[in-house]
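Notes for the one structure printed next.
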Amino acid sequence: MKFVNSYYKPGKQIISLQVLNQKVSKNFKKASKYIYDLYCPSCHKARLSYVNKTANKKAYLRTVRNSKHQKNCTYNFVTVSKRYTKQYFKTLSSTQVQVKMLSVMRSLSKAKNSSKKTKRISKNIIANLFSLPAKKNKTSQVKILRQKKLNGYLRKNQLQNKLFLFYGEDLYLKTANKKTAKNFDYLELHKNSSSKIYVRVPLPITMSNTLKSKINSINNGKKYTFIAIGRLKFLKNYSPDLILINANALIFQ
């Protein structure tokens, strides 16, 4: 299993593989204080090892042999594919999709109000919504969505067209429409009330009336917790669009 991020325990911080590569390239001796004290970015329990690049392979992070992840750590599970998720959502009604999204929101709220240790565990399980049915004579395999918090710079090379469960706290939401449209066409996410658009969500016309009504009632001056399942489409000279996997795979409060 390979990782794009790691947890540096002494500094209590998440360090990306990209940053580690830069440190190693600049001064391996100074970088060694980091690369020999790295842990799983999700559960902070399993130890990670930094494997330096070779002539044929890029540097990467992997779990140290016999080092165990916490039971509920997302890295114990298999990441769900876009194809499977699309197929799964096709089996659900708009109400069932919103129930799923509500369960994620409740888990995130619970994590926000819990202790640091419990908070890590709770955030690990907020995306455990989907599981493949058991095949004949085999146990079922839990499939999870990758998670991305909407709070910093969004890197195209890491996020472009990849399926994620996106979540953000203390975001400002605003609605917008095309010049000729009567209904809202976009939901804009802002980091603060006067900032430029951080992410834009095109609103499908097949969205449920209940969700449309909630979007129509958005208070532009209020901070929201936002969750959506989809992929980012990066546009030239503009904020990225979050393309929903399903018309109702969106919730905020």
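Just so it is clear, the values below take in all heavy atoms, side chains as well, and ignore hydrogens, waters and symmetry mates. Only a predicted model underlies this, so the values are computations on that prediction, with no experimental measurement involved.
- By the 30° and 60° cut-offs, the orientation of the rings of F28 relative to Y36 is perpendicular.
- Between K223 and E169 there is no salt bridge, since no side-chain nitrogen of the basic residue lies less than 4.0 Å from a carboxylate oxygen of the acidic one.
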Ring pair (Phe, Tyr, Trp, His ring centres under 6.0 Å) between F226 and Y224, worked out: CA-CA 6 Å; F226 171 89; Y224 289 89; 9.5 Å; no
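- Under the 6.0 Å cut-off for aromatic ring centres, H44 and Y7 qualify, their centroids lying closer than that.
- Not counting sequence neighbours, the partners of N246 by the side chain to side chain contact (heavy atoms under 4.5 Å, CB included) test are F89, V97, N248, A249.
- The environment of NZ in K82 is crowded: more than 12 heavy-atom neighbours from other residues, nucleotides or ligands sit within 6.0 Å.
- No single ILVMFWY cluster, assembled from side-chain heavy atoms under 4.5 Å apart, contains both V99 and M101.
- For the residue pair K100/Y88, the side-chain donor-acceptor check at 3.5 Å is satisfied.
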Q160/L232 under side chain to side chain contact (heavy atoms under 4.5 Å, CB included): CA gap, chis, key distance, verdict: CA-CA 6 Å; Q160 172 84 317; L232 286 182; 5.6 Å; no
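- With hydrogens and angles disregarded, no donor-acceptor distance shorter than 3.5 Å links the side chain of Q98 to the backbone of T95.
- Residues that satisfy the side chain to side chain contact (heavy atoms under 4.5 Å, CB included) test with S195, not counting sequence neighbours, are H190, K191, N192.
- Side chains of I197 and Y186 form no contact here, defined as non-hydrogen atoms less than 4.5 Å apart.
- You'll find the side chain of L189 reaches within 4.5 Å of the side chain of L173, heavy atoms only.
- A cation-pi arrangement is absent between K148 and F164 under the rule of less than 6.0 angstrom and at most 45 degrees off the ring axis.
- Separating the CG atom in N21 from the CD atom in Q18 is a distance of 8.0 Å, to the nearest 0.5 Å.
- Here the closest non-hydrogen pair linking S193 and K174 is O-NZ, 2.8 Å.
- Between S49 atom OG and R65 atom CZ the span is 10.5 Å, to the nearest 0.5 Å.
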From CA spacing to verdict: side chain to side chain contact (heavy atoms under 4.5 Å, CB included), I251, L102: CA-CA 7 Å; I251 193 169; L102 183 58; 4.0 Å; yes
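- Side-chain contact between R231 and L242 is absent, with no heavy-atom pair separated by less than 4.5 Å.
- Around atom CD1 of I205, no more than 12 heavy atoms belonging to other residues, nucleotides or ligands sit under 6.0 Å away.
- What you find for D37 and P10 is that their closest heavy atoms are OD2-CG, 3.2 Å.
- Taking all atoms of both residues into account, the shortest heavy-atom contact from I243 to K233 is CG1-CB, 4.2 Å.
- Counting heavy atoms from C-beta outward, L17 and N5 have side chains that stay 4.5 Å or more apart.
- I15 CD1 to L38 CG: the interatomic distance, rounded to the nearest 0.5 Å, is 6.5 Å.
- K212 is not listed as a side-chain neighbour of L203, based on a closest heavy-atom distance of 4.5 Å or more.
- Note that CG of L211 is 5.0 Å distant from CG of L250, once rounded to the nearest 0.5 Å.
- With a 6.0 Å radius and a threshold of 12 heavy atoms from other residues, nucleotides or ligands, N157 has its CG atom above the threshold.
- Side-chain contact check for L165 versus I227: some heavy-atom pair is nearer than 4.5 Å.
- Cation-pi geometry between K23 and Y34 is satisfied (NZ or CZ under 6.0 Å from the ring centre, within 45° of the ring normal).
- For the side-chain contact (heavy atoms from CB on, under 4.5 Å) with L244, the qualifying choice from V201, L187, I229 is V201, the only one to do so.
- The shortest heavy-atom contact between C40 and C43 is SG-N, 3.4 Å.
- Y39 places none of its side-chain heavy atoms less than 4.5 Å from the side chain of S6.
- More than 12 heavy atoms of other residues, nucleotides or ligands shown are found within 6.0 angstrom of NZ on K9.
- Taken to the nearest 0.5 Å, the CG atom of L20 stands 10.5 Å off from the OH atom of Y8.
- Remark: D241 pairs with R200 by the side-chain hydrogen bond (donor to acceptor under 3.5 Å, both in side chains) rule, at least two apart or across chains.
- By the 6.0 Å and 45° rule, K214 stacks over the aromatic ring of F252.
- Distance alone, capped at 3.5 Å, places no donor-acceptor pair between the Y167 side chain and the M105 backbone.
- By the criterion of side-chain heavy atoms lying less than 4.5 angstrom apart, applied directly or through intervening Ile, Leu, Val, Met, Phe, Trp or Tyr residues, L154 is not grouped with Y172; the two fall into different hydrophobic clusters.
- Linking ILVMFWY side-chain heavy atoms closer than 4.5 Å, directly or via other members, places V64 and Y50 in two distinct hydrophobic clusters.
- A heavy-atom distance below 4.5 Å is found between the side chains of L48 and T63.
- For the pair Q96 and T91, the tightest heavy-atom approach, listed with the atom from each and the gap, is OE1-O, 3.9 Å.
- One distance of note links CD1 of I245 with OG1 of T85; it measures 5.5 Å at 0.5 Å rounding.
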Full working for side chain to side chain contact (heavy atoms under 4.5 Å, CB included) between T210 and S213: CA-CA 5 Å; T210 301; S213 177; 5.8 Å; no
